[in-house]
Amino acid sequence: MKLLLDTHVLLWAAGQPDRLPAAARRLLDDPRNEPIFSSASLWEIAIKSGLGRDDFQVNARLLRRGLLDNGYGELPITSEHAVAVDGLPPIHKDPFDRILVAQSMVEGITLLTSDPLVAQYPAPVQRV
C-alpha cells in the first residue's frame, strides 16, 4: 500500500522516529507498504524553516536527498491536485494540509496524519 506522509509524520520518520506514533511505525516498518512524500511537505518545511520556526529546523534539500536514498517515493504537485482543493469541505484552513488531502484523493493514496482535523476529510486518510 502506498502511504503519503503528512509533514509532521514525515519529519518524525526522518529525524525523530521516537516521536512516531506506534501505528505509524508499524505501517512504515511493513515492507509491503511504500512510503511517499509530497513536494508540498518540502515546500512547507523550506518556508517554515526560513521563518525560523523551531519545529521546522531541517534543511529541505538534505531531507529530500535522505528520503530518496532511503526508498521514499516523491509525489509532485500537479494541476489536477491543485484544482481538487476547490472541492474539499472547509474543515481545515492550512493550505499545505489541504493539498496533501487533495493529492491523496486524486492519487488514491492513504495519507498518514496525526492531525485530527485532517483526519475528518472524506478521503483516504488514516490518523496515527
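A quick note: this is a predicted structure, and the numbers were derived from the prediction, not measured. This chain uses plain numbering: 1 for the first residue, then up along the sequence.
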Legend entry - For Phe56, ring-ring contact (aromatic ring centres under 6.0 Å, His included) partners two or more places apart: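 ring-ring contact (aromatic ring centres under 6.0 Å, His included) check on Phe56 returns His8.
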Inset, instruction - Check whether more than 12 heavy atoms from other residues, nucleotides or ligands sit under 6.0 Å from atom CG of Asp29, and answer yes or no. - result: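 Yes, because the 6.0 Å sphere around CG of Asp29 holds more than 12 heavy atoms from other groups.
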Inset, instruction - Count the heavy atoms belonging to other residues, nucleotides or ligands that lie under 6.0 Å from NZ of Lys2, then report whether that count exceeds 12. - result: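 For Lys2, atom NZ is not crowded (no more than 12 foreign heavy atoms under 6.0 Å).
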Inset, instruction - Over 60° means perpendicular and under 30° means parallel, so classify the ring planes of Phe96 and Trp43, tilted if in between. - result: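 Rings of Trp43 and Phe96: perpendicular, over 60°.
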Determine the minimum heavy-atom distance between [X] and [Y], stating which atoms define it.
X: Arg25; Y: Leu20; result: NH2-O, 3.0 Å
X: Leu11; Y: Asp55; result: CD1-O, 3.9 Å
X: Gln57; Y: Ser49; result: NE2-O, 3.9 Å

Legend entry - Intermediate values then yes/no, side chain to side chain donor-acceptor pair (under 3.5 Å), Gln103 and Ser38: CA-CA 8 Å; Gln103 287 183 300; Ser38 170; 2.6 Å; yes
Under 3.5 Å: donor-acceptor pair, side chain of [X], backbone of [Y]:
X: Arg98; Y: Val85; result: yes
X: Thr110; Y: Val125; result: no
X: Asn33; Y: Leu28; result: no
X: Tyr121; Y: Ala102; result: no
X: Ser104; Y: Val101; result: yes

Legend entry - Sidechain N-carboxylate O distance under 4.0 Å for Glu74, Arg64: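 Yes, charged N to carboxylate O under 4.0 Å.
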Inset, instruction - Look at Asp69 together with Arg65 and state whether they make a salt bridge at an N to O cut-off of under 4.0 Å. - result: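 Yes, Asp69 and Arg65 are salt-bridged.
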Legend entry - Tyr72 vs Ile36, side chain to side chain contact (heavy atoms under 4.5 Å, CB included): CA-CA, chis, key distance, verdict: CA-CA 5 Å; Tyr72 280 66; Ile36 298 174; over 6 Å; no
Would [X] and [Y] show up in the same hydrophobic cluster when neighbours are defined by side-chain heavy atoms closer than 4.5 Å?
X: Leu42; Y: Leu112; value: yes
X: Val106; Y: Met1; value: no
X: Leu3; Y: Val9; value: yes
X: Leu5; Y: Leu75; value: no
X: Leu117; Y: Leu100; value: yes

Inset, instruction - Please test Leu111 against Val118 for side chain to side chain contact (heavy atoms under 4.5 Å, CB included), starting from the C-alpha separation and ending with a verdict. - result: CA-CA 9 Å; Leu111 174 62; Val118 172; 3.8 Å; yes
How long is the straight-line distance from [atom2] of [Y] back to [atom1] of [X], given to the nearest 0.5 Å?
X: Leu63; Y: Leu10; atom1: CG; atom2: CG; answer: 5.5 Å
X: Gln126; Y: Leu4; atom1: CD; atom2: CG; answer: 12.5 Å
X: Ile45; Y: Arg61; atom1: CD1; atom2: CZ; answer: 13.5 Å

Inset, instruction - Would you mind reporting whether Ile99 and His81 have side-chain heavy atoms less than 4.5 Å apart? - result: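 In contact.
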Legend entry - Pairwise side-chain contact, Arg127 with Ser114, heavy-atom cut-off 4.5 Å (strictly under):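 With C-beta onward as the side chain, the pair stays apart.
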Inset, instruction - Test side chain to side chain contact (heavy atoms under 4.5 Å, CB included) on Leu27 and Asp30 and set out the steps. - result: CA-CA 5 Å; Leu27 288 166; Asp30 186 335; 5.9 Å; no
